[in-house]
Visitor: 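Please read through the structure below; I'll follow up with questions.
These numbers come from the heavy atoms of this one structure, side chains and all, not from hydrogens, waters or symmetry mates. For clarity, every value in this text was computed on a predicted model and none was experimentally measured. Per chain, numbering begins at 1; letters A, B, ... match sequence-line order.
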Number of protein chains: 2
Amino acid sequence: MTDKNIRIGELARLTGTKVPTIRYYEQIGLMPEPLRTASNQRVYGEAQVQRLRFIRRCRALGFSIEQICELVELSSETERPCEEVDILTRRHLDEVEAKIADLSALAQDLRALSQRCQGGGLISCCGVLDGLNKSV
Amino acid sequence: MTDKNIRIGELARLTGTKVPTIRYYEQIGLMPEPLRTASNQRVYGEAQVQRLRFIRRCRALGFSIEQICELVELSSETERPCEEVDILTRRHLDEVEAKIADLSALAQDLRALSQRCQGGGLISCCGVLDGLNKSV
DNA sequence: ATAACCCCTCTAGTTACTTGAGGGGCAAGG
DNA sequence: CCTTGCCCCTCAAGTAACTAGAGGGGTTAT
């Protein structure tokens, strides 16, 4: 594999990304537009492989596309204080933790609801549906 | 307030739902089509208020629209065993708990990443970005 | 008449992809 | 040469659950 001779299919395999997703990332500007062959096929190099890997790691960590755009931009400004990266990461962690709290409360409510099921009854006296119908 | 004389705005206020959302629910068949006035305005009754409240409680508990459709249908078949309601609720609880587990693992990874930040440095030697760039 | 408020339909946007239609190019095999 | 299999391309629309906005009508009070 030499530099600058990777087709989109191979890039997809190298990075665990789907081909349409790569095109999507290019469309929204997250991935730079690559050079093309005479027959209009995209050609990628090692730097673009690394970029896409970066993006996929961020996605795996739940960063939004917008946040990733910011991280990509920040990472190219090497003389800049890295405080903004820190802030962005912490804010995202806070969001994830808040979501966990929401879901945990929701799970609690669902458990309470589920326990209302006596088993073996009919819809007409179903504890779950009763709970969902109640105007508490 | 008499039966069958509630306009959509009032229904929205009674149930904490947005007007467009009520129209959306009607469009997808979750809410039955109401009667209309001579000037084509929707008119709701108490049964529909209860239906929308049911839907909103289910949404609050994270049930998908599809799941709610099933619950609505099941609740009208009063002579049917309520086992299906139980199964649907438990399955949903499992999904929520799986999501919590996913997010918790993700939060763990984010904490580890965040701790790589030494503070006061530059982007060129940022621990977070380093971690995102690493091909571990 | 105007302002304030309510209602209507229709269309398109949000987020991060994903799918499918319709088409071209290339290499190997019959 | 034709066919097959595989890869690539663009474009448009779908997914889930809403939400926002354009453009219009109706009612009441000032």
Side-chain angles (χ1 to χ4, degrees), chain A residues 1 4-31 33-44 48 51-52 54-72 92 95-96 99 102-103 106, chain B residues 1 4-31 33-44 48 51-52 54-72 92 95-96 99 102-103 106:
Chain A
M1 179 181 70
K4 285 201 99 51
N5 202 18
I6 299 164
R7 295 298 151 85
I8 194 168
E10 191 172 349
L11 179 63
R13 282 185 290 273
L14 286 171
T15 57
T17 316
K18 293 192 174 175
V19 167
T21 305
I22 299 174
R23 292 201 193 100
Y24 168 68
Y25 287 160
E26 180 189 319
Q27 184 195 332
I28 61 177
L30 194 51
M31 279 289 283
E33 289 198 23
L35 296 178
R36 303 275 186 135
T37 62
S39 54
N40 204 30
Q41 299 190 4
R42 294 168 172 80
V43 184
Y44 298 96
Q48 285 139 329
R51 165 71 82 87
L52 187 53
F54 180 91
I55 291 164
R56 301 306 288 173
R57 281 188 206 104
C58 293
R59 287 295 302 124
L61 287 170
F63 287 102
S64 68
I65 296 286
E66 187 178 345
Q67 288 169 329
I68 299 172
C69 281
E70 289 178 42
L71 286 170
V72 165
H92 177 50
E95 286 162 4
V96 172
K99 185 68 191 175
D102 284 348
L103 284 174
L106 195 155
Chain B
M1 178 179 69
K4 287 203 98 46
N5 202 18
I6 299 165
R7 296 298 152 85
I8 194 167
E10 191 170 352
L11 179 62
R13 282 183 291 271
L14 287 172
T15 57
T17 315
K18 294 191 172 174
V19 167
T21 306
I22 299 175
R23 293 199 194 102
Y24 168 66
Y25 288 160
E26 178 189 321
Q27 181 196 333
I28 62 176
L30 193 52
M31 278 289 283
E33 289 198 23
L35 296 178
R36 302 275 187 135
T37 64
S39 55
N40 202 32
Q41 300 188 359
R42 294 167 173 81
V43 183
Y44 299 96
Q48 284 139 330
R51 166 69 85 84
L52 187 53
F54 180 91
I55 292 164
R56 300 306 288 175
R57 281 188 205 102
C58 293
R59 285 296 300 129
L61 287 170
F63 286 102
S64 69
I65 296 285
E66 188 178 346
Q67 286 169 330
I68 299 172
C69 281
E70 288 176 45
L71 287 171
V72 165
H92 177 48
E95 287 162 3
V96 172
K99 185 67 190 174
D102 284 347
L103 285 174
L106 196 156

Visitor: Between C1' on D:dG26 and CZ on B:Arg36, what's the gap in Å once rounded to a whole number?
Guide: 15 Å

Visitor: Test salt bridge (Lys or Arg N to Asp or Glu O under 4.0 Å) on A:Glu26 and A:Arg42 and set out the steps.
Guide: CA-CA 11 Å; A:Glu26 180 189 319; A:Arg42 294 168 172 80; 2.7 Å; yes

Visitor: Tabulated below should be each protein N or O lying under 3.5 Å from an N or O of nucleotides 20-24 of chain C; please produce it.
Guide:
none

Visitor: Quickly work out the A:Ile55 CD1 to C:dT15 C1' distance and round it to whole Å.
Guide: 16 Å

Visitor: What is the distance from atom CE of B:Met31 to atom OH of B:Tyr24, rounded to the nearest 0.5 Å?
Guide: 14.0 Å

Visitor: I need the single residue from B:Arg7, B:Gln48, B:Arg36 that forms a side-chain contact (heavy atoms from CB on, under 4.5 Å) with B:Val43. Which is it?
Guide: B:Arg7

Visitor: Using atom types as modelled and distance alone, determine if a side-chain donor or acceptor of A:His92 lies under 3.5 Å from a backbone N or O of A:Gln67.
Guide: no

Visitor: Atom CG of B:Leu11 and atom C1' of C:dC7: how far apart are they, to the nearest Å?
Guide: 14 Å

Visitor: Taking the nucleotide of DNA chain C with the nearest heavy atom to each, does B:Gln27 or B:Arg13 sit closer to the 5' end?
Guide: B:Arg13

Visitor: Whole Å only: how far is the CG atom of B:Leu35 from the C1' atom of C:dC7?
Guide: 16 Å

Visitor: Nearest 0.5 Å, please: how far is CG in B:Leu30 from CD1 in B:Ile55?
Guide: 3.5 Å

Visitor: Taking side chain as C-beta onward, heavy atoms only, is A:Ile65 less than 4.5 Å from A:Tyr25?
Guide: yes

Visitor: If we ignore hydrogens and angles and just use 3.5 Å, is the side chain of A:Arg56 paired with the main-chain N or O of A:Ala60 as donor and acceptor?
Guide: no

Visitor: Taking only N and O in the side chain of B:Arg7, is any of them less than 4.0 Å away from OP1 or OP2 of D:dT27?
Guide: no

Visitor: Please tell me which of the listed nucleotides, C:dC7, C:dT19, D:dC9, lies nearest to the side chain of A:Pro20?
Guide: C:dT19

Visitor: Within the 4.0 Å heavy-atom criterion, would you say A:Ile8 contacts the bases, only the backbone, or no part of the nucleic acid?
Guide: sugar-phosphate

Visitor: Take the C1' atoms of the five end pairs on each side of the helix from C:dA1-D:dT30 to C:dG30-D:dC1, derive the two axes, and give their angle rounded to 10 degrees.
Guide: 50°

Visitor: Using whole Å, what does the distance between atom C1' of nucleotide D:dT19 and atom CD1 of B:Ile22 come to?
Guide: 14 Å

Visitor: Between C1' on C:dT15 and CD on A:Gln67, what's the gap in Å once rounded to a whole number?
Guide: 12 Å

Visitor: Does any part of the side chain of B:Ile22, heavy atoms only, come nearer than 4.5 Å to the side chain of B:Lys18, both counted from C-beta?
Guide: no

Visitor: If you apply the rule side-chain contact (heavy atoms from CB on, under 4.5 Å), what do you find for B:Tyr44 with B:Asn5, and how did you get there?
Guide: CA-CA 6 Å; B:Tyr44 299 96; B:Asn5 202 18; over 6 Å; no

Visitor: Can you tell me how far the CZ atom of B:Arg51 sits from the OG1 atom of B:Thr15, to the nearest 0.5 Å?
Guide: 13.5 Å

Visitor: Separation of B:Ile6 atom CD1 from C:dC6 atom P, in whole Å?
Guide: 16 Å

Visitor: Rounded to whole angstroms, how far apart are CD on B:Glu26 and P on C:dC8?
Guide: 9 Å

Visitor: Could you list all N or O pairs between the protein and nucleotides 16-18 of chain D that sit under 3.5 Å apart?
Guide:
unit_1 : atom_1 : unit_2  : atom_2 : d
D:dA17 : OP1    : B:Ile65 : N      : 3.0
D:dC18 : OP2    : B:Tyr25 : OH     : 3.0
D:dC18 : OP2    : B:Arg59 : NE     : 2.6

Visitor: Without swapping roles, check the side chain of B:Thr37 against the backbone of B:Ser39 for a donor-acceptor pair under 3.5 Å.
Guide: yes

Visitor: Roughly how far, to the nearest 0.5 Å, is CG of B:Leu11 from CD1 of B:Ile6?
Guide: 6.5 Å

